[in-house]
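Before any comments, here is the structure.
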Amino acid sequence: MSNKEYFFAVDLGATSGRTIIGTLEGSKFNLEELTRFNNNLIETGGHFYWDIYALYNEIINGLKIVHQRNIPIKSIGIDTWGCDFVYIGKDGAILRNPLAYRDPHTFGVMEKYFDQEISKEQVYDKTGIQFMNFNSLFQLYAMRQAGNTALENAEKILFIPDALSYMLTGNAVCEYTVASTSQILNPNTKDLDEDLIKSLGLKREQFGPMINPGEQIGILTEEIQKMTGLGAIPVIAVAGHDTASAVAAVPAKDEKFAYLSSGTWSLMGIESKEPIINENSFDKNFTNEGGIEGTTRFLKNICGMWIYERCRKEWPEVSGMGHQQILSEAMQAEPFKSLINPDDKIFANPNSMVEAIQTYCKEHNEPVPVGYAAITRCIFESLALRYRQIFSWLKEFADFDINTLHIIGGGSLNQYLNQFTANSLGVKVLAGPQEGTAIGNIMLQAKAAGDVKDIWEMRRFIAFSLELKEFMPQDQEVWDQAYHKYLEITK
């Protein structure tokens, strides 16, 4: 690639969003953050909603800056979190802001669905998806049971990245990777499952045609061209699910790796040529989500930095402190004094995360941690030990030896947790890129433009452009003892 080329990426997470310019020139790339903004939950009427119009407006603001600076972008790509969706009416208008996956309306709904519609075993056999109460299947079922009027009048149901692409282009599609998070998609047929759709009282055509990463969704509408001053820029279906975009950016040299996308959620898994759906994966509640080029992301969701982020908001004494100072003081606290299972339901969305940790420890006959240093150490040691547990299960499923763990995402900057993870797992850890999701988004646009051939050329390009940090295992005996303690506490 000799000429400089520019791509516009929209990367939306559950707490914040960004618009980014990715520049490719020769064998190097560069990222420039244009805008950063909050993605706020709106609580009203006993429910939690996302503000889809605010997110759309932030995308427009980013595109206006592109025009003001005369940046010749080739395309636009959008990635977001999974599971949530927007209803579109017969007139093409959005019927209501989308409910957020942390809304409590799905609590207890899974069991009701299995009892009245399709059994748990059948659902897993069809989808291979980890059971979580906020999966789209159960959100839609809960809304149907509640008589949700937006659902009753929906002509189209679009997942969040597809809804925003629809607002930009007027074209309604169903992108494969984000659809795979719904627990409605069948990874063997590569389409939404008719039986599951029927159980919700819906029809397949309500979800739009399936589209794969790298395909064009459409071009900016004339309305948006006038608003932004831009021309008929293509909108590309990147891997719409942010984790799928991030995994596409793992700078692995071969297939013998596991990945950990570390952020608010931690997602640990392997890349598989085929879905892994069997009794063992069902028992351990693993998920098979869509990757690029027909691969499957076989992984497990882990409650990641969410616990620490929530605690940090409750500690007024750390308001003026940076993460590094908090973590440095946490390293002075007594190791392995208190441990938790980060995936225990008590940590899903408590009123006070600090109290939830203390309650968990009390109920499990452990010393109750007090103060931000002790609690932070408890969180990060527990996460590293939970990672070991999931990693040991991944080794059972993989048909190759896993010799490296790649940590990507914002959590890849946490050197203490990275070292803990290497110590706990007993394998080499490579940290980076931090901006995995944005890089994957941009590289998939570059692939659509013909600038890179396939996923391995993408990964070579990324590896050449980045310097990864390496962490080797230390204190193995100490961590082995801690892991045995963790298994006793969490069994």
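As a basis for the values below, the full set of heavy atoms in this structure was taken, side chains included, without hydrogen atoms, waters or symmetry mates. Keep in mind that this is a model prediction, so the values were computed, not measured.
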Would you check if there is a donor-acceptor pair between the side chains of Glu314 and Ser352 at a distance under 3.5 Å?
-> yes
Asn133 and Thr106: side chain donor to acceptor below 3.5 Å | yes
Side chains of Leu12 and Glu58: closer than 4.5 Å at any heavy-atom pair?
-> no
Can any side-chain N or O of Ser180 pair as donor or acceptor with the backbone N or O of Gly290 at less than 3.5 Å?
-> yes
Correct closest heavy-atom pair for Ser412 and Asn418 would be O-ND2, 2.8 Å
Within the side chain of Glu289, is there an N or O that forms a donor-acceptor pair under 3.5 Å with the backbone of Ile129?
-> no
Derivation and outcome, side-chain contact (heavy atoms from CB on, under 4.5 Å), residues Asn341 and Tyr360 = CA-CA 9 Å; Asn341 177 2; Tyr360 182 96; 3.5 Å; yes
Value for CG (Leu34) from OG1 (Thr19), rounded to nearest 0.5 Å, stands at 4.5 Å
Check: Cys311 and Ile357 side chains under 4.5 Å, non-hydrogen atoms = yes
For Asp451 and Glu457 the tightest heavy-atom approach is O-OE2, 4.3 Å
Atom of Ser75, atom of Ile236 and distance for their closest heavy-atom approach = CB-CG1, 3.6 Å
Output, in order, the C-alpha distance, side-chain angles, deciding distance and verdict of side-chain contact (heavy atoms from CB on, under 4.5 Å) for Lys485 and Glu366.
-> CA-CA 11 Å; Lys485 176 184 176 183; Glu366 289 190 275; 4.3 Å; yes
At their closest point, which heavy atom of Ala446 faces which heavy atom of Leu24, and how far apart are they?
-> CB-CD2, 3.7 Å
Report the distance from atom OG of Ser338 to atom CD1 of Ile379, rounding to the nearest 0.5 Å.
-> 11.5 Å
Can the ring centroids of Phe131 and Tyr113 be said to lie less than 6.0 angstrom from one another?
-> no
Enter the distance from Arg297:CZ to Ser272:OG here, rounded to the nearest 0.5 Å.
-> 12.5 Å
Please answer whether the main-chain N or O of Pro161 pairs with a side-chain N or O of Ser165 as donor and acceptor at a distance below 3.5 Å.
-> yes
Do the ring centers of Phe286 and Tyr124 come within less than 6.0 Å of each other?
-> no
Side-chain donor-acceptor contact under 3.5 Å, Tyr387 with Ser266 | yes
So is Arg459 actually on top of Trp456's ring, under 6.0 Å and inside 45° of the axis?
-> yes
Mind checking what makes side-chain contact (heavy atoms from CB on, under 4.5 Å) contact with Ser119, not counting sequence neighbours?
-> Glu121, Gln122
Please walk me through it: do Leu185 and Met210 pass side-chain contact (heavy atoms from CB on, under 4.5 Å)?
-> CA-CA 10 Å; Leu185 183 137; Met210 192 67 66; 3.7 Å; yes
Above 12 or not: heavy atoms from other molecules or residues under 6.0 Å from CD of Glu279?
-> no
Considering only distance and modelled atom types, tabulate donor-acceptor pairs under 3.5 Å from the side chains of residues 461-478, sequence neighbours left out.
| from | atom 1 | to | atom 2 | distance (Å) |
| --- | --- | --- | --- | --- |
| Ser465 | OG | Ser27 | O | 3.2 |
| Ser465 | OG | Phe461 | O | 2.9 |
| Gln476 | NE2 | Asn423 | O | 2.8 |

Ion pair check, Lys273 and Glu255, cut-off under 4.0 Å | yes
Min side-chain heavy-atom separation Ile408-Ile439 under 4.5 Å | no
Compare all side-chain heavy atoms of Gln183 with those of Met110 and state whether any distance is below 4.5 angstrom.
-> no
Test: Arg102 and Asp84 ion pair at under 4.0 Å | no
Asp344: what forms a salt bridge (charged side-chain N to carboxylate O under 4.0 Å, His left out) with it, not counting sequence neighbours?
-> none
For residues 301-310, run the donor-acceptor check on the side chains, cut-off 3.5 Å, and write out each pair with its distance to 0.1 Å, sequence neighbours left out.
| from | atom 1 | to | atom 2 | distance (Å) |
| --- | --- | --- | --- | --- |
| Asn301 | ND2 | Gln130 | OE1 | 3.0 |
| Trp306 | NE1 | Phe347 | O | 3.2 |
| Trp306 | NE1 | Ala348 | O | 3.2 |
| Tyr308 | OH | His323 | ND1 | 3.0 |
| Glu309 | OE1 | Thr264 | OG1 | 3.4 |
| Arg310 | NH1 | Asn349 | OD1 | 3.0 |
| Arg310 | NH2 | Pro350 | O | 2.3 |

Donor-acceptor contact below 3.5 Å, side chain Glu271 vs main chain Thr295 = no
Minimum side-chain heavy-atom gap Arg18-Arg36 below 4.5 Å = yes
Closest heavy-atom contact between Gly77 and Asn441?
-> O-ND2, 3.2 Å
Does Glu274 CD have over 12 foreign heavy atoms under 6.0 Å away?
-> no
Taking the side chain as every heavy atom from C-beta outward, state whether Leu55 and Phe37 have any atom pair closer than 4.5 Å.
-> yes
Do Gln139 and Asp103 have a side chain donor and acceptor closer than 3.5 Å?
-> no
Distance, nearest 0.5 Å, that separates SG of Cys378 from CD1 of Ile375 | 7.5 Å
Check: Phe7 main-chain N/O paired with Gln445 side-chain donor or acceptor under 3.5 Å | no
Hey, are Ser245 and Thr437 close enough side-chain-wise for a donor-acceptor pair under 3.5 Å?
-> no
From CG (Leu137) to CG (Leu192), nearest 0.5 Å = 11.0 Å
Short question: side chain of Asn38, backbone of Asn40 - any donor-acceptor pair under 3.5 Å?
-> no
Kindly check if the number of other-residue, nucleotide or ligand heavy atoms within 6.0 Å of NZ (Lys190) is above 12?
-> yes
State whether the side chain of Glu175 and the backbone N or O of Val178 hold a donor-acceptor pair below 3.5 Å, judged by distance alone.
-> yes
Are Glu194 and Asn186 side-chain neighbours, meaning at least one heavy-atom pair lies under 4.5 Å?
-> no
Could you tell me whether Lys337 atom NZ has more than 12 heavy atoms of other residues or ligands within 6.0 Å of it?
-> no
Straight-line distance of Phe114 CZ to Gln116 CD, nearest 0.5 Å = 12.5 Å
Determine, stepwise, if the pair Tyr483 / Ser392 fulfils side-chain contact (heavy atoms from CB on, under 4.5 Å).
-> CA-CA 12 Å; Tyr483 184 57; Ser392 69; 4.1 Å; yes
Around Asp454, counting heavy atoms of other residues, nucleotides and ligands shown, do more than 12 lie under 6.0 Å from its CG?
-> yes
Should Ile402 and Phe391 count as side-chain neighbours, where that means a heavy-atom distance under 4.5 Å?
-> yes
When you check the side-chain N and O atoms of Glu329 and Tyr372, is any donor under 3.5 Å from an acceptor?
-> yes
Residue pairs passing the ring-ring contact (aromatic ring centres under 6.0 Å, His included) test where at least one lies in residues 241-264, sequence neighbours excluded | Phe257-His406
Would you check if the side chain of Ser136 reaches a backbone N or O of Cys83 as a donor-acceptor pair within less than 3.5 Å?
-> yes
If you look only at pairs with a residue in residues 409-446, which of them pass as a ring-ring contact (aromatic ring centres under 6.0 Å, His included), with sequence neighbours excluded?
-> Phe420-Trp479
